[in-house]
Amino acid sequence: MKKPLTCIEDYRPPAWRMQTIALDFDLDVEQSWVSARLHVIQDPAQADVGLRLDGENVELLEIRLDGRVLASDEYRIEGALLFLDAVRGEAVIETRSRIRPADNKAMQGLYLSGGTEQGFLLSQCEAEGFRHITWSIDRPDVLARYTVTLRADRARFPVLLAGGNPDGAGELADGRHWARFVDPQPKPSYLFAIVAGRLAVIEDRHCTAEGRLVSLKIWAPAPLIARCRYALDCLKAAMLWDEQRFGRNYRLDVFHVVATDDFTMGAMENTGLNIFNSKYLLADPLHATDDDYRHVLAVVAHEYFHNWTGNRVTCRDWFQLCLKEGLTVYREQEFVSEQTSRTLRRIEDVRVLWRNQFSEDAGPLAHPVRPSQYSEINNFYTATVYEKGAEIVRMLATVLGRDGFRRGMDLYFDRHDGAAVTVEDFLAALGDANQRELSPWLAWYTQAGTPVLEAQGAFDAQTHCYTLELTQSFAPVATALPRQALPIPVALALFDAFGNRLKIERNGVAGDIDEAVILLDRPRMSLTFRHLDHAPIVSLLRGYSAPVRIAQRGDWADLVVLATHEDDGFNRWQAADGLIRHLFMAELQGDARGAPAFGAWMTGLRRAFDEADLDPATLAEMLTLADEITLGESLAEIDPPAIHAARSRLECSIAQALQTELLACYEQLAAASMAGAEPVAQGQRRLRNACLGLLCRADPQYHALAHRHFDDAVCLSDKLAALTCLVHGQALAAQNALDTFAADYSTAATVMDRWFSVQATLPTANALERVRALTRHAAFRWDNPNKVYALLLAFALRNPVGFHREDGAGYEFIADSIRRIDRITPQVAARLTTAFAAWRRYPPTLRERMHAQLMRLQEAAAMSADVTDILARSLAHADEDGSLRP
Ligand code: B3K
Ligand code: ZN
């Protein structure tokens with residue numbers, strides 16, 4: 001099935017708006033009845049446009065116009081639209097419909113989480129799920145105040161929740177009960193949510209800076225509720241932070257959060273009723289790693305921050321998705337950086353950007369941060385919209401400065417509270433508040449592809465001047481259009497050969513600054529730095545000031561200086577990463593150990609172990625090699641076995657060279673395993689586990705250490721790190737450890753996901769057979785997105801050696817899985833299909849085999865619109881520049 005394209009230039013303001021919606025639900029698992037009362041008003045300027053309602057899989061039982069039941073010839077249903085051509089001006093439309101939650105495996109609209117007997121009902125509307133609940137006008141620029149009344153059997157559904165403020169509850173005959181909720185503020189339909197079932201709760205309160213006492217409630221199935229305490233603390237921290245940093249207060253009386261194991265994505269910011277995938281809500285030491293803790297902090301904050309960036313100020317249309325997502329990711333990044341470690345969060349974000357966004361941007365699924373067309377909007381919740389979208393906001397914050405950015409955000413909220421707006425509105429608010437013209441920044445939103453930044457330096461010993469030529473360019477991309485130069489903030493500092501920071505004196509301006517942010521807003525620019533005795537070492541893109549590819553990372557000796565002395569933690573890591581990439585290339589072409597950079601960098605790393613004030617998490621990251629996807633992404637052709645072999649050999653050489661330091665550090669940090677979840681202890685554990693991982697790469701004798709680590713572990717971080725060492729090191733004890741782990745965690749769904757992933761990512765020739773066998777494991781379920789992501793997506797995206805097996809069996813298995821899952825949860829199947837997108841970049845045999853599976857899927861009958869869209873774009877031929885042709 002293929003959905004037609006929706007194009008940004010076809011946008012028209014809504015011809016009909018809704019002021020209020022009253023919804024009455026009679027809830028049950030197999031079928032629920034929905035009565036809707038819509039008060040609709042026509043835009044006088046569009047008097048010729050008839051009323052149309054959206055609905056999918058909603059069985060219409062009755063429809064009334066201003067109280068009168070309509071005969072079947074007074075309206076018509078065509079596909080997902082209900083036409084009421086005769087209605088004009090203003091009207092009250094009432095419908096009565098039936099929906100079937102238990103049959104809804106696509107997880108859009110109202111569906112069931114857990115079994116028929118014990119499970120609970122919940123809804124997911126973004127992007128277009130509301131039309132699966134009732135007939136209505138389902139678009140983000142139609143905002144209405146909702147009054148929602150829920151009725152259900154009290155014993156089966158003791159808890160009834162909807163977004164908005166509570167407005168009464170009571171008993172009904174026959175053991176049934178009801179509860180009502182009203183919105184004080186209009187909202188778009190995608191933020192509508194209800195939940196009903198048996199759920200336990202933990203509660204707290206937060207008094208906002210404006211003086212409102214807000215009741216905070218987290219709901220989960222009873223066995224999980226004890227693990228929600230940390231999330232509740234995160235929520236309070238996020239509320240306080242948004243008040244202090246952005247002056248944003250919550251303005252409802254209650255804030256509900258609900259945990260479910262059955263969710264296609266991370267979480268959803270429904271107004272007043274957030275719904276979370278339990279993997280981003282549950283956290284205790286035995287069931288969550290340190291990374292999980294930080295993800296819970298991040299996602300709880302992210303969804304809360306949407307309350308202003310997304311909910312109160314919402315998107316005019318789905319093209320503007322980045323307006324809420326990029327901005328909210330940026331706010332989340334800032335929050336987590338301030339609560340934990342800025343350097344670590346930045347490294348993590350940049351790693352994700354390089355791995356996921358750069359590869360997306362270089363392949364057939366490339367799209368601008370604000371796409372100009374889509375067929376299936378659910379396929380645009382991408383790394384480009386989220387992560388690159390956040391990078392654009394970060395650049396704007398860099399050039400406006402902290403106070404200027406805050407002024408701009410204040411104006412944005414003042415101007416647009418309660419409205420559905422565009423990226424242009426956002427830029428205008430930031431610009432107007434700072435008397436700056438920000439329209440050139442729109443190009444960042446409308447041009448796909450990763451810009452390339454080149455820096456060429458020349459030193460003139462006579463004049464003591466150093467000239468730096470900065471150039472921006474673009475690799476050709478799928479959506480090649482005329483290109484406009486982008487405003488690129490380039491933060492840089494200068495160092496001498498001993499790692500001392502040099503003062504920056506530029507263009508005759510006597511300077512005592514030591515960092516400059518240069519706005520490269522044209523194709524090339526020449527900078528002159530004066531009064532220098534020697535050619536300086538340039539530390540470029542400090543803090544990763546712009547999401548660009550650096551053409552060449554400079555001389556390895558300079559990188560060693562920066563990786564040893566840079567005082568910007570991120571750029572220190574960036575230099576270390578540059579050295580790893582340099583050594584990886586050397587290994588790919590021969591032997592990295594023989595390269596002069598190897599010895600120099602090992603000396604540098606050895607010293608780093610002795611640096612008292614080096615943050616352990618940063619050192620851990622410096623020791624962690626870029627993954628195979630990231631390394632492959634930067635090569636012209638991706639040859640998975642060659643990349644895997646070179647990376648493994650390099651990792652092994654580094655581990656052997658540092659064995660003494662790794663062991664000493666591992667032992668020295670023993671106490672960290674017993675410490676709590678605070679950032680310092682987390683950083684120490686991260687380093688200790690990185691050391692353990694490398695030791696196991698250096699010599700299998702350390703498997704004994706990993707085994708002890710596994711047995712002694714008192715937190716999941718340690719347990720999982722040891723398990724990974726044993727399984728990926730193919731230690732004798734590996735199966736035993738896997739069995740023990742599975743026995744200990746058999747009832748903990750989110751932990752079993754990790755157990756599946758550790759095995760799915762094992763880079764061996766028989767990985768496929770193992771994954772196939774695991775699909776028959778009692779804990780695996782084809783209809784549970786988390787399980788599919790943990791096993792199949794992990795295999796397809798994070799196990800290049802296994803997936804890209806020469807005989808194509810990995811491809812065939814994943815293609816078969818896509819067909820199977822597509823009949824259940826199309827959104828999940830579409831995500832799995834993206835594993836084939838980069839097919840043109842692989843060597844001929846693999847390329848042909850990937851292509852064959854794409855064709856097979858394309859020819860298969862009855863594929864969803866979600867998968868069809870990914871297939872069509874993956875197979876599309878490129879424009880004249882030929883960039884996408886094999
Ligand atoms: N807004 C949701 C994502 C909705 C995905 C719809 N397919 C989560 C978030 O970004 O906060
Ligand atoms: Zn979001």
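Nothing fancy with the numbering, it's 1 onward along the sequence. Ligands are counted one by one from 1 in listed order, and the atoms in each one are counted from 1 as well.
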*Asks:* Below 3.5 Å only, please: the N or O atoms of ligand 1 paired with protein N or O atoms, distance on each line.
*Replies:*
from	atom 1	to	atom 2	distance (Å)
ligand 1	1 (N)	Glu126	OE1	2.6
ligand 1	1 (N)	Glu269	OE1	2.8
ligand 1	1 (N)	Glu269	OE2	3.4
ligand 1	1 (N)	Lys324	NZ	3.4
ligand 1	1 (N)	Glu325	OE2	3.1
ligand 1	7 (N)	Asn378	OD1	3.0
ligand 1	10 (O)	His302	NE2	3.4
ligand 1	10 (O)	Glu325	OE1	2.9
ligand 1	10 (O)	Glu325	OE2	3.0
ligand 1	10 (O)	Tyr386	OH	2.4
ligand 1	11 (O)	Glu269	OE1	3.3
ligand 1	11 (O)	His302	NE2	3.1
ligand 1	11 (O)	Glu303	OE1	2.8
ligand 1	11 (O)	Glu303	OE2	2.9
ligand 1	11 (O)	His306	NE2	3.2

*Asks:* For Phe413 and Phe246, I'd like to know if the aromatic rings sit close, meaning centre-to-centre distance below 6.0 Å.
*Replies:* no
*Asks:* Between Glu391 and Arg346, is the closest basic N to carboxylate O distance under 4.0 Å?
*Replies:* yes
*Asks:* Have a look at Tyr330 and tell me which of Tyr386, Phe405, Phe305, Phe426 forms a ring pair (Phe, Tyr, Trp, His ring centres under 6.0 Å) with it.
*Replies:* Phe405
*Asks:* Would you say the ring centers of Phe263 and Phe276 fall short of 6.0 Å from each other?
*Replies:* no
*Asks:* Just by distance, no angles: are the side chains of Glu387 and Asn356 close enough, under 3.5 Å, to form a donor-acceptor pair?
*Replies:* no
*Asks:* Answer with yes or no whether the side chains of Thr328 and Thr309 bring together a donor and an acceptor at under 3.5 Å.
*Replies:* yes
*Asks:* Between Tyr381 and Glu126, is there a side-chain donor-acceptor contact under 3.5 Å, judged purely by atom types and distance?
*Replies:* yes
*Asks:* Taking the six-membered ring for Trp, is the centroid-to-centroid distance between Phe380 and Phe319 below 6.0 Å?
*Replies:* no
*Asks:* Name the one of Arg331, Glu325, Glu269, His295 that satisfies side chain to side chain donor-acceptor pair (under 3.5 Å) with His302?
*Replies:* Glu325
*Asks:* Short of 2.8 Å from the Zn ion (ligand 2), name each protein N/O/S atom, waters not counted.
*Replies:* His302 NE2, His306 NE2, Glu325 OE1
